[in-house]
Amino acid sequence: MDFDVVIAGGGPNGLMLAAELRLAGVRPLVLERLPERVNMPKANGLVGVVARLLDARGLYEKVSGWTGPPAATPWFTFGGMRLDLRDLADNPLYPIQIPQPRLERILEEHAVGLGAELRRGVEVTGFTDHGTHVTVRAGAEEITAYYLVGCDGGRSTVRKLAGIDFPGVTDDDVVSRSANVRLPTAGATALPVPGHGDIPPFSFYRTTGGVFIWARFEDTLTVNTMEWGPGPDDDVPMTLEELAASVQRVLGADVPLLPPNLDRPPLLRRLAGNNTRIAAVFRHGRVLLAGDAAHVHAGMGAPGLNAGMQDVTNLAWKLGATIHGWAPEGLLDTYHTERHPVAQRVAMQTQAQSALLAPGTKVTALRTLFEELLGSVDVRRHIADTMSGNDIRYFAGDHPLVGALVPELSITTTDGVVRLAELLRSGRPLLLDLAGVGSVAGGWRDRVDVVAGAHPDHPALLVRPDGFVAWAGISGQGLVEALTRWFGAPTA
């Protein structure tokens, strides 16, 4: 084989998948159709448990600019309503503000540093699934690999070539406008607007005319509007004057928008319509989909990269196990069975937020009721868990931790106190032996790390490479079964 896995798409998900595959000991090739990285902002951050996954690979501090473990935000928004999270124990909404171009640079350095190969200006134009491997056509070249993964966005060529259906809905009556601007009246934490008072950043501010958002990102500001109704034809260029007129319609007030002082092309974009679609299957033979190629939805609450990066961390170790030959039967199929329901929940909550932002007196009444419900800490906890991905339970077990993302822990080992995230840097399965059961895993030492330690409140934990708990217990009961279920038969 030329490579073990070919990845179509060199965005954040494709690059993260390549890095995870290298940690799994296989050889990925990333093919990106664009000749160089686009410096135009797309996504501007990540929110949720993806921050903990980045922390488990030693990337959180590089991406966030903060030291220490992921820090949760005391405030967030849901459907344009303020979500007070200050009284939530173990708040799971970890925000990371980072423009996508800088995120891609960090992930590319990470993947290439681990030995992944990236080729730019090369587009996947076809493939043949031979049953035992795939032949990928990229320009004039043919590349053989065991698997092909489409991380090539919502208009995925790989998905279309594989004939995978992409059912869902399109809301044609929404027009979104975005631009990098200067806001001379903006303060550090609020934008004063006549008739509205101080509008905080990153809030979806709803009025009878639409939705207004402003946000500060490093060296620039971004203004977004959403309006319902027809917009200009696609061939009409978007202008700053068009955005200013949209802001005036939404707020009923003039907000000075000035061109930004940037050394790169500024964001100036209009999008008509809003898609919510999920691929019928995430695996078709030796072709798999991840990220936007597998699911698209509204960007409210920054769900895209949170979901996409969890896709690839779920997929990579299963591909590695399959290629190395120790995967138990059906392991690779669990990628679809675990991640497809998660995509459905992301689609559900983003559609719910879109509905809460729509115009009309009925929606206003619904928002009034919803704001009353937000007075309950249980409601706010439920929403925070849903938006962050903290509610994921891939499977059930005898212990409530089984099937869930492993909690953040500090473990006392013979080398001192270490955070659990530091023990997951290798990307290998981990048996955190807090109960003297490490000898049970002897037949899996070639693929499972065993670390002995102590913690006053937790049992021993078997943790998958994607950070999810495969087994928990205070004795070895059920451990052999869990090791075999997820990591194959033991060596002699």
Side-chain angles (χ1 to χ4, degrees), residues 1-38 104-105 107-164 166 279 281-294 308-309 311-327 331-333 335-336 339 427:
M1 295 294 162
D2 298 321
F3 292 89
D4 293 322
V5 180
V6 171
I7 303 167
N13 294 321
L15 294 169
M16 188 68 178
L17 175 59
E20 291 291 290
L21 288 171
R22 285 301 302 139
L23 291 175
V26 301
R27 298 170 302 137
L29 169 66
V30 181
L31 301 178
E32 169 52 53
R33 65 179 182 84
L34 297 177
E36 57 185 23
R37 186 185 302 109
V38 176
E104 289 183 3
R105 285 195 296 272
L107 293 177
E108 180 178 335
E109 291 173 0
H110 177 56
V112 172
L114 290 170
E117 184 173 338
L118 169 64
R119 298 180 189 174
R120 294 192 178 274
V122 182
E123 183 175 7
V124 172
T125 57
F127 68 85
T128 302
D129 186 341
H130 302 281
T132 56
H133 65 284
V134 291
T135 300
V136 180
R137 292 182 290 282
E141 188 177 6
E142 289 194 345
I143 304 164
T144 59
Y146 291 112
Y147 291 93
L148 168 65
V149 182
C151 293
D152 49 345
R155 295 183 175 88
S156 171
T157 297
V158 172
R159 186 188 65 240
K160 294 173 183 175
L161 290 172
I164 298 174
F166 203 37
V281 292
F282 288 6
R283 179 191 178 191
H284 185 272
R286 290 185 171 261
V287 178
L288 301 108
L289 304 174
D292 287 353
M309 288 198 179
D311 286 346
V312 299
T313 52
N314 183 291
L315 173 60
W317 70 275
K318 297 173 182 178
L319 275 175
T322 304
I323 290 168
H324 286 309
W326 55 258
L331 178 67
L332 193 54
D333 289 328
Y335 170 62
H336 170 86
R339 293 304 301 169

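- With hydrogens and angles disregarded, a donor-acceptor distance shorter than 3.5 Å links the side chain of Y335 to the backbone of L289.
- With rounding to the nearest 0.5 Å, the separation of CG in L148 from CD1 in I143 is 10.0 Å.
- Between R33 and E123, the closest heavy-atom pair is CB-CB, 3.6 Å.
- T125 places a side-chain N or O within donor-acceptor distance of the main-chain N or O of R137, the cut-off being under 3.5 Å.
- Screening L288, V26, V312, L331 for a side-chain contact (heavy atoms from CB on, under 4.5 Å) with L319, the sole residue that qualifies is L288.
- Within the 4.5 Å cutoff, no side-chain heavy atoms of L15 are placed close to those of H110.
- Applying the ring pair (Phe, Tyr, Trp, His ring centres under 6.0 Å) criterion to H284, with sequence neighbours excluded, gives no partner residue.
- Contacts of R22 classified as salt bridge (Lys or Arg N to Asp or Glu O under 4.0 Å), with partners at least two apart in sequence or in another chain: none.
- Summarising the geometry of I164 relative to A279, their closest heavy-atom pair is CG2-CB, 4.0 Å, with the distance given to 0.1 Å.
- Every salt bridge (Lys or Arg N to Asp or Glu O under 4.0 Å) that D333 has, sequence neighbours left out, goes to R283.
- The CD1 atom of I7 lies 11.5 Å from the CD atom of E117; values are rounded to the nearest 0.5 Å.
- Although no hydrogens or angles enter the test, the distance criterion places a donor-acceptor pair under 3.5 Å between the side chain of R159 and the main chain of G154.
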_Derivation and outcome, side-chain contact (heavy atoms from CB on, under 4.5 Å), residues I323 and L21_ = CA-CA 11 Å; I323 290 168; L21 288 171; 5.9 Å; no
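- Annotation for G10 and V30: closest pair CA-CG1, 3.7 Å, computed over non-hydrogen atoms.
- Of the possible donor and acceptor atoms, one in the side chain of R286 sits under 3.5 Å from a partner among the backbone N and O of G131.
- Among residues at least two apart or in separate chains, salt bridge (Lys or Arg N to Asp or Glu O under 4.0 Å) pairs with a member in residues 312-322 are K318-E338.
- Taking each heavy atom of A138 and V122 in turn, the nearest pair found is CB-CG1, 3.5 Å.
- A search for side-chain hydrogen bond (donor to acceptor under 3.5 Å, both in side chains) contacts involving R37 returns E108, not counting sequence neighbours.
- Annotation: side chain of E104 is in contact with side chain of P12 (closest heavy-atom distance under 4.5 Å).
- Applying the salt bridge (Lys or Arg N to Asp or Glu O under 4.0 Å) definition to pairs two or more places apart or across chains, those involving residues 2-19 are D4-R27.
- Taking all atoms of both residues into account, the shortest heavy-atom contact from A18 to A116 is CB-CB, 3.9 Å.
- Relative orientation of the F282 and H336 rings is perpendicular, given thresholds of 30° and 60° on the angle between their planes.
- In this view, H324 satisfies the side-chain hydrogen bond (donor to acceptor under 3.5 Å, both in side chains) rule with no residue, not counting sequence neighbours.
- Pairs passing the salt bridge (Lys or Arg N to Asp or Glu O under 4.0 Å) check and including a residue from residues 142-155, sequence neighbours excluded, do not occur.
- Between the side chain of E32 and the main chain of L34, a donor-acceptor pair closer than 3.5 Å is present.
- Legend: residues meeting salt bridge (Lys or Arg N to Asp or Glu O under 4.0 Å) with E141, ordered by chain and number and at least two apart, are R119.
- Under the rule for a salt bridge (Lys or Arg N to Asp or Glu O under 4.0 Å), the partners of E20 that lie at least two apart in sequence or sit in another chain are R57.
- The side-chain hydrogen bond (donor to acceptor under 3.5 Å, both in side chains) test applied to D129 returns no partner, not counting sequence neighbours.
- Of all heavy-atom pairs between F127 and V158, the closest is CE2-O, 4.1 Å.
- The side-chain hydrogen bond (donor to acceptor under 3.5 Å, both in side chains) test applied to D311 returns H295, R339, not counting sequence neighbours.
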